[in-house]
Amino acid sequence: MSTQRTLSIIKPDAFEKNAVGSILKMITDSGLKVVACKTTRMTVKQAEGFYAVHKERPFFGELTAFMSSGPIVVSVLEGEDAVTKYRELMGPTNSNEAPEGTIRQAFGTNIEKNAVHGSDSADNAKIEVDFFFSANELRGLLG
Ligand code: ADP
Ligand code: MG
C-alpha cells in the first residue's frame, strides 16, 4: 500500500439535500486529505463522456440526465490506499444496501441517486482527476 489519490464527486442529489458539508466532514474524519475541491456542473455531453464505460447500460440516459441536473462538488482525495478506502466509506452502489457509517447509507436514496462517486482504480482516478481539474488547478499538488 502507498499514498494514492482518488476522485470524489458529491452528486446533484446530495448537493440538493445540503449535504456537501456533512459529506466532506465524513471524508476528512476518515483520514483522507482533500487536496483539491471545487463546485461545478456537468453538461449532458460531459456526463456522457465521464460515464462512457456505461454507455451500453439501460440506465445510461437516466444517469447522464441525473448527473447533469444540478451542481456537484468534485474533490481529489489523498491518503494511504485512498481508492479502496474511499469506496468503503461510500458504501455499495445501491444506497438501500449500504451499511451504517457509509456516505450512501446516510445521504443516498436508491441505486441511482446514491450521493457520491469514487474512482474504482488508481488508473481511473488519474483519468477522472484530469477530466475535472486543469494542470493549473493541480499545480504543485500531484507528484
Ligand atoms: P459505482 O458508482 O458504485 O462505481 P457503477 O460504476 O456501477 O457504480 O455505476 C455508476 C453509477 O450509475 C452509479 O453510481 C449510479 O448512480 C448509477 N447506476 C448504477 N447502476 C444503476 C442501475 N441499475 N440503475 C440506475 N442507475 C444505476
Ligand atoms: Mg463506478
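Counting convention: from 1, in listed order, for ligands and their atoms alike. All values below were derived from every heavy atom in this structure, side-chain atoms included, with hydrogens, water molecules and symmetry-related copies excluded. Not measured: the values here are computed from a predicted model.
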Next item on the list: Using a 4.0 Å heavy-atom cut-off, say whether R104 meets ligand 1 through its side chain, its backbone, both or neither.
Entry: side chain
Notebook entry, point to check: Which ligand 1 atoms, with their elements, are less than 4.0 angstrom from a heavy-atom of R87?
Noted result: 1 (P), 3 (O), 4 (O)
Check: Contact between I111 and ligand 1, counting heavy atoms under 4.0 Å?
Finding: yes
Margin query: Is there a polar contact between ligand 1 and K11, counting only N or O atoms under 3.5 Å apart?
Written below: yes
Next item on the list: Within a distance under 4.0 Å of any heavy atom of E112, pick out the atoms of ligand 1 and give their elements.
Entry: 15 (C), 16 (O), 25 (C), 26 (N)
Check: What residue and atom, counting heavy atoms only, is the protein's closest point to atom 1 (P) of ligand 1, and at what distance?
Finding: T93 OG1, 3.6 Å
Item checked: Protein residue, atom and distance nearest to atom 25 (C) of ligand 1, heavy-atom basis -> F59 CB, 3.5 Å
Next item on the list: Would you check if the distance from the ring center of F50 to the ring center of F131 is below 6.0 Å?
Entry: yes
Check: Heavy atom of K113 under 4.0 Å from ligand 1?
Finding: no
Margin query: Only heavy atoms of N114, strictly under 4.0 Å: list the atoms of ligand 1 that pass.
Written below: 13 (C), 14 (O), 15 (C), 16 (O)
Next item on the list: Any pair with a residue in residues 10-34 that passes salt bridge (charged side-chain N to carboxylate O under 4.0 Å, His left out), sequence neighbours left out, goes on the list, sorted by first then second residue, please.
Entry: K25-D29
Notebook entry, point to check: Considering only protein heavy atoms, which is closest to atom 17 (C) of ligand 1, and at what distance to one decimal place?
Noted result: L63 CD1, 3.7 Å
Notebook entry, point to check: Ion pair present between K38 and E137, side-chain N to carboxylate O less than 4.0 angstrom?
Noted result: yes
Next item on the list: Would you mind telling me if ligand 1 is within reach of the side chain of D120, the backbone, both or neither, using heavy atoms under 4.0 Å?
Entry: neither
Next item on the list: State which residue, out of T39, I9, V116, fulfils the side-chain contact (heavy atoms from CB on, under 4.5 Å) condition with V73.
Entry: T39
Notebook entry, point to check: Got a sec, which residues hit side-chain hydrogen bond (donor to acceptor under 3.5 Å, both in side chains) with N110, two or more places apart in sequence or on another chain?
Noted result: none
Next item on the list: Output yes when a side-chain donor or acceptor of N114 lies under 3.5 Å from a complementary backbone atom of T93, and no otherwise.
Entry: yes
Notebook entry, point to check: Counting both backbone and side chain atoms, is some N or O of H54 under 3.5 Å from an N or O of ligand 1?
Noted result: yes
Notebook entry, point to check: Does the side chain of T64 pick up a donor-acceptor pair with the side chain of E48 at under 3.5 Å?
Noted result: no
Notebook entry, point to check: With a cut-off of 6.0 Å (strictly less than), are more than 12 heavy atoms of other residues, nucleotides or ligands near NZ of K113?
Noted result: yes
